[in-house]
Engineer: 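Before we start, here is the structure in question, set down as structure tokens.
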2 protein chains.
Amino acid sequence: MHPLFSQQVPYAELIQSSVPADFLLLDRDTPGGPMTSAEHSPLTRKLSAFVALSEVELAVLERLHQRRRSFAAGRDMVHQGQSAQAAYILSSGWVCSYKLQADGTRQIVDFQVAGDFLGLRSVLLRTSDHSFEPVVDIEAAEVLKSDLLDAFSRTPRLATAILWAASRDEAMVVEHLVGIGRRDADARMAHFLLELGSRLALVGIGSKEGYDCPLTQYHLADALGLSAIHVNRVLRQLREGGMVTFREGHVTFHDYGRLVEIAEFDPAYLDQTGPLLK
Amino acid sequence: MHPLFSQQVPYAELIQSSVPADFLLLDRDTPGGPMTSAEHSPLTRKLSAFVALSEVELAVLERLHQRRRSFAAGRDMVHQGQSAQAAYILSSGWVCSYKLQADGTRQIVDFQVAGDFLGLRSVLLRTSDHSFEPVVDIEAAEVLKSDLLDAFSRTPRLATAILWAASRDEAMVVEHLVGIGRRDADARMAHFLLELGSRLALVGIGSKEGYDCPLTQYHLADALGLSAIHVNRVLRQLREGGMVTFREGHVTFHDYGRLVEIAEFDPAYLDQTGPLLK
DNA sequence: CGTTAGTTTGATGGTCCTCAAGCACTGTGG
DNA sequence: CCACAGTGCTTGAGGACCATCAAACTAACG
């Protein structure tokens, strides 16, 4: 049997695993009191912006962070073609997922930052074909397929939240495609920097003022479909235009409004002002 | 990613929506007896290439095709921003999904052909923000969220197959992104035509010889991130190079091998020689 | 028979790539 | 301490690729 299908995802079980509502009020597994807000992981923080999570859901979510792992910058975590054994929840650092072409050029498809899942699809469906490279040294929690399915069947609402976040990531890939296809270099860069800012703000490490960003101009080039040299010129233009500065690992917005304008940035698909699920 | 896990509808409600199994044997809307193999829908045909489906699974699958709908070419089925009420399984014709930008340009994200799902994510997760436009008059089956969830809970293997197909579509979007970012116009066009060929072959309306294709050069332009004029020139080059002809709604491959070469086309991620699930 | 949609070709120019080179900074080893 | 290499940023010059403008052509259609 093909590896892709070697393990079935028990959808029916998942769906039928609904439990009485009051069960949700019991917390059987976690010892100790409820968590304080400060202890929450970035993922928890991100999901809390969309869904008001219960105590149990919070506990299950935090328990997914058990198996901590570190990866060194620059060494691929997963290589193109290799089938993934586990997914990861990134707790700190930056990762890029990319595809390599025969002629040596690469296209970065997406970046992952704190609170993002990595390899979710590949672990659930065994279909993934890009590489993951940590941009800096990272900390991540390894999540086995069984952990995930277990968590999903315990707390379906949490499942919804996680899948919703994953779906949002895909919307960003589409937006990325549109950007590369139909925006010029300036707008593309502006859009990219704004989107990153929004994502980081969700996990509390960015704002409309700016954020720390360890990416090199080569990363930007590979992500935006430009040459590194042109990236440099574009950044200069944006800087001299008084809109945004990207220097020494830090992005500073000087004129957020105008940047939004030239990027035609629509934050609606990322921004949510409050929990959507009650 | 997997829309399917997610129900915004409470799980309890979902379960209550289940109907007795023998209901499946009744055909309220479509007249006529049970299906013979030759009558199988394109979707069935496509999935059968990946998974050997049981009688019951086939029946459930065909059952999803109850509510037949027609849509006229050129009139959006779903408009950007509007939340979808239903998903569709395309049984004949072509559809494109695209995003419009403020400056009027559009980027086609993907095409759907016979056997493809349309709006799967948007109906399950309520997150979709592109428009769907039939390229020609089409026939489709409307699939309500409840139908889908019901089918999934009955036949989990079928659910896996459908999600796998959806995941494959997403892989194509990623490949599309790579193409726009890192391939020149010739390679982009070659890759696009080859990919379409592979997809159509799966549902039996295309081969390595060629296929019918109702797309205009404007469609190609919007999909590939080029101007229509340049599309025309690229097509001429490929034609004069003796590789492929695209004329009067028909694509004819003259030198498949060389086309694969200049496109750096890797059919592995689409091609499957036989059923994977036994 | 004019209109519209789609295709084709030419001319011109802008965006962005490539090649080339210099600079700043860091770490390494003699 | 200094030579050296490596990484990343910066700037210039020339040219390829592709967009834009303009216009002719075909086919379909009322």
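Sequence lines set the chain letters: A, B, ... in the order given, protein chains first and strands last, and positions in each chain run from 1.
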Engineer: Flag the pair B:Arg69 / B:Met77 as yes when at least one side-chain heavy-atom distance between them is below 4.5 Å, and no otherwise.
Structural biologist: no
Engineer: From CD of A:Glu248 over to C1' of D:dG8, roughly how many Å is that when rounded to an integer?
Structural biologist: 12 Å
Engineer: Would you mind reading off the distance between B:Leu235 atom CG and C:dT9 atom C1', rounded to a whole angstrom?
Structural biologist: 14 Å
Engineer: Can you measure A:His219 atom NE2 to D:dT7 atom C1' for me and round it to whole angstrom units?
Structural biologist: 12 Å
Engineer: Checking all strands, does A:Gly225 fall into the base, sugar-phosphate, or nothing category for heavy-atom contacts under 4.0 angstrom?
Structural biologist: sugar-phosphate
Engineer: So which nucleotide from D:dC18, C:dG6, D:dG8 ends up closest to the side chain of A:Thr216?
Structural biologist: D:dG8
Engineer: Could you write nucleotides 20-30 of chain D as a row of B, S and -, 5' to 3', where a protein heavy atom under 4.0 Å of any base atom gives B, of only sugar-phosphate atoms gives S, and otherwise -?
Structural biologist: BBB--------
Engineer: Taking for each residue the nucleotide of DNA chain C with the nearest heavy atom, is it B:Gln217 or A:Val231 whose nucleotide lies nearer the 5' end?
Structural biologist: B:Gln217
Engineer: Which whole-number value in Å describes the distance from A:Leu215 CG to D:dG8 P?
Structural biologist: 12 Å
Engineer: Between B:Phe192 and B:Phe111, does the ring centroid distance fall short of 6.0 Å?
Structural biologist: yes
Engineer: Whole-Å distance between C:dT8 P and B:Arg236 CZ?
Structural biologist: 9 Å
Engineer: Could you tell me whether B:Arg168 and B:Glu175 make a salt bridge, using a distance below 4.0 angstrom between a side-chain N and a carboxylate O?
Structural biologist: no
Engineer: Taking five pairs at each end, how big is the angle between the two axes of the helix from C:dC1-D:dG30 to C:dG30-D:dC1, to 10°?
Structural biologist: 20°
Engineer: To the side chain of B:Leu226, which of C:dC17, D:dA19, D:dT11 is closest?
Structural biologist: D:dA19
Engineer: Mind checking whether A:Val234 and A:Arg188 have side chains closer than 4.5 Å, heavy atoms only?
Structural biologist: no
Engineer: Between A:Phe265 and A:His191, does the ring centre distance come in under 6.0 Å?
Structural biologist: yes
Engineer: Please list, by residue number, the residues of residues 176-187 of chain A whose heavy atoms come closer than 4.0 Å to an atom of DNA chain C; answer none if no residue qualifies.
Structural biologist: A:Asp184, A:Ala185
Engineer: Sort out for me which residue in B:Ser91, B:Ser92, B:Ser70 forms a side-chain hydrogen bond (donor to acceptor under 3.5 Å, both in side chains) with B:Glu139.
Structural biologist: B:Ser70
Engineer: Between C:dT7 atom C1' and B:Phe246 atom CZ, what is the distance in whole Å?
Structural biologist: 11 Å
Engineer: Quick one: which of A:Phe132, A:Phe71, A:Phe117 gives a ring-ring contact (aromatic ring centres under 6.0 Å, His included) with A:Tyr88?
Structural biologist: A:Phe71
Engineer: Less than 4.5 Å apart, side chain to side chain, heavy atoms only: is that true for B:Arg183 and A:Gln107?
Structural biologist: no
Engineer: Report the distance from atom OG of A:Ser41 to atom CG of A:Leu90, rounding to the nearest 0.5 Å.
Structural biologist: 11.0 Å
Engineer: Do the side chains of A:Arg182 and A:Glu264 get close enough for a salt bridge, i.e. N-O under 4.0 angstrom?
Structural biologist: no
Engineer: Provide, to the nearest angstrom, the distance between the CE atom belonging to A:Met189 and the P atom belonging to C:dT15.
Structural biologist: 16 Å
Engineer: Can you tell me if the side-chain N/O atoms of B:Asn232 get under 4.0 Å from OP1 or OP2 in C:dT7?
Structural biologist: no
Engineer: Starting at atom CG of A:Leu220, determine the distance to atom C1' of D:dC9, rounded to an integer number of angstrom.
Structural biologist: 12 Å
Engineer: Less than 4.5 Å apart, any side-chain heavy atom of B:Asp76 and any of B:Tyr98?
Structural biologist: yes
Engineer: Using the ring of each side chain (for Trp, its six-membered ring), is B:Tyr211 parallel, tilted or perpendicular to B:Trp94, with breaks at 30° and 60°?
Structural biologist: parallel
